[in-house]
Amino acid sequence: AQRVTQPEKLLSVFKGAPVELKCNYSYSGSPELFWYVQYSRQRLQLLLRHISRESIKGFTADLNKGETSFHLKKPFAQEEDSAMYYCALMNFNKFYFGSGTKLNVKP
Amino acid sequence: DVKVTQSSRYLVKRTGEKVFLECVQDMDHENMFWYRQDPGLGLRLIYFSYDVKMKEKGDIPEGYSVSREKKERFSLILESASTNQTSMYLCASSHSLGIGNTIYFGEGSWLTVV
């Protein structure tokens, strides 16, 4: 069975500091992985997906199949990055989410 | 612009009441989902529908049922609401593209059962 684990419930950093939000998954096939973000009072929205290999709002995420990880990184956090972040895995068109990490970027 | 609309943003219901949560999408998506979102637990899949009248149970279907009579509309039903069903409910939809797929969410429905 597939599972997505986000070990940190809350991550607090100062503005300008590097950020890494951890995500580990268990899945027997080739996973398709995503990061979704929910800003205050807004709906959940896609941040990035691993197949696109893109950088969105300065965030990147690399799929590491050996460590079964898909950590989200940003070299210099901004206050507007404060939000709830969810890692997700897609399996046969169904999406499974982790428990989420709240990122708080302090001024 | 992609649109998933949940008609009720805030509801307060009594224990034992039957509750309907409605969701409509305008993107002609094949797949629709109901999740509940709880602090510390993240999003948990309640039910998934991949076509009209077709459904699959998710991870936590107990106490819930769903209805999909039209492609654009997916309803979540709580036959007899209980206090442990107090939560934020999120509807979502996606195409059946496989690789490259994306899921789109509604704004959520806050349900309080008293």
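Just the heavy atoms: all of them, side chains too, but no hydrogens, waters or symmetry mates, feed the values below. Chain naming here is simple, since letters A, B, ... match the order of the sequence lines and numbering starts at 1 in each.
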### Single-linkage hydrophobic cluster Y50(B)~L45(B), side-chain heavy atoms < 4.5 angstrom
yes
### Message
Does any backbone or side-chain atom of Q42(A) lie under 4.5 Å from a heavy atom of chain B? Answer side chain, backbone, both or neither.
### Response
neither
#### Entry: NZ/K71(B): more than 12 non-hydrogen atoms of other groups inside 6.0 Å
yes
### Query
Given that the side chain runs from C-beta out, which part of Q37(B) has a heavy atom under 4.5 Å from chain A: side chain, backbone, both or neither?
side chain
## Note on the structure
Scanning both residues in full, the closest heavy-atom pair of V4(B) with R43(A) reads O-NH1, 3.1 Å
#### Entry: Under 4.5 Å from a heavy atom of chain A, the part of D38(B) involved
neither
### Query
Non-hydrogen atoms of chain B under 4.5 Å away: do they reach the side chain of K9(A), the backbone, both or neither?
side chain
### Message
Taking CZ in R9(B) as the centre, count heavy atoms belonging to other residues, nucleotides or ligands within less than 6.0 Å. Is the count above 12?
### Response
yes
#### Entry: T102(B) OG1 to Q45(A) CD distance, which is reported to the nearest 0.5 Å
12.5 Å
### Task
Can you see which heavy atom on S99(A) is nearest to which on G40(B), and at what distance?
CB-O, 3.5 Å
### Query
chain A heavy atoms under 4.5 Å from Y35(B): which part of the residue, side chain, backbone, both or neither?
side chain
### Query
Is it the side chain or the backbone of L43(B) that comes within 4.5 Å of chain A heavy atoms, both, or neither?
both
### Query
Is it true that M88(B) and Y10(B) fall in one hydrophobic cluster, defined by side-chain heavy atoms closer than 4.5 Å?
yes
### Query
Are the ring centres of F33(B) and F97(A) closer than 6.0 Å?
no
### Message
As a quick check of understanding, evaluate side-chain contact (heavy atoms from CB on, under 4.5 Å) for F34(A) and I103(B), giving each step before the final call.
### Response
CA-CA 10 Å; F34(A) 306 79; I103(B) 188 171; over 6 Å; no
### Engaged part of L44(A) at the chain B interface, taking heavy atoms whose separation is under 4.5 Å
both
### Query
Should we say atom CD of E80(A) is surrounded by more than 12 heavy atoms from elsewhere, each under 6.0 Å from it?
yes
### Query
In terms of heavy-atom contacts, does NZ of K94(A) have more than 12 from other residues, nucleotides or ligands at under 6.0 Å?
yes
### Query
Any chain of hydrophobic side-chain contacts (each under 4.5 Å) joining Y39(A) to V19(A)?
yes
### Query
Are F59(A) and L46(A) in one and the same hydrophobic cluster, where Ile, Leu, Val, Met, Phe, Trp and Tyr link if side-chain heavy atoms are under 4.5 Å apart?
no
### Query
Are V113(B) and I60(B) joined in one hydrophobic group, where the rule is that I, L, V, M, F, W and Y side chains link up if heavy atoms are under 4.5 Å apart?
yes
### Query
Can you check whether F48(B) reaches F95(A) side chain to side chain, under 4.5 Å on heavy atoms?
no
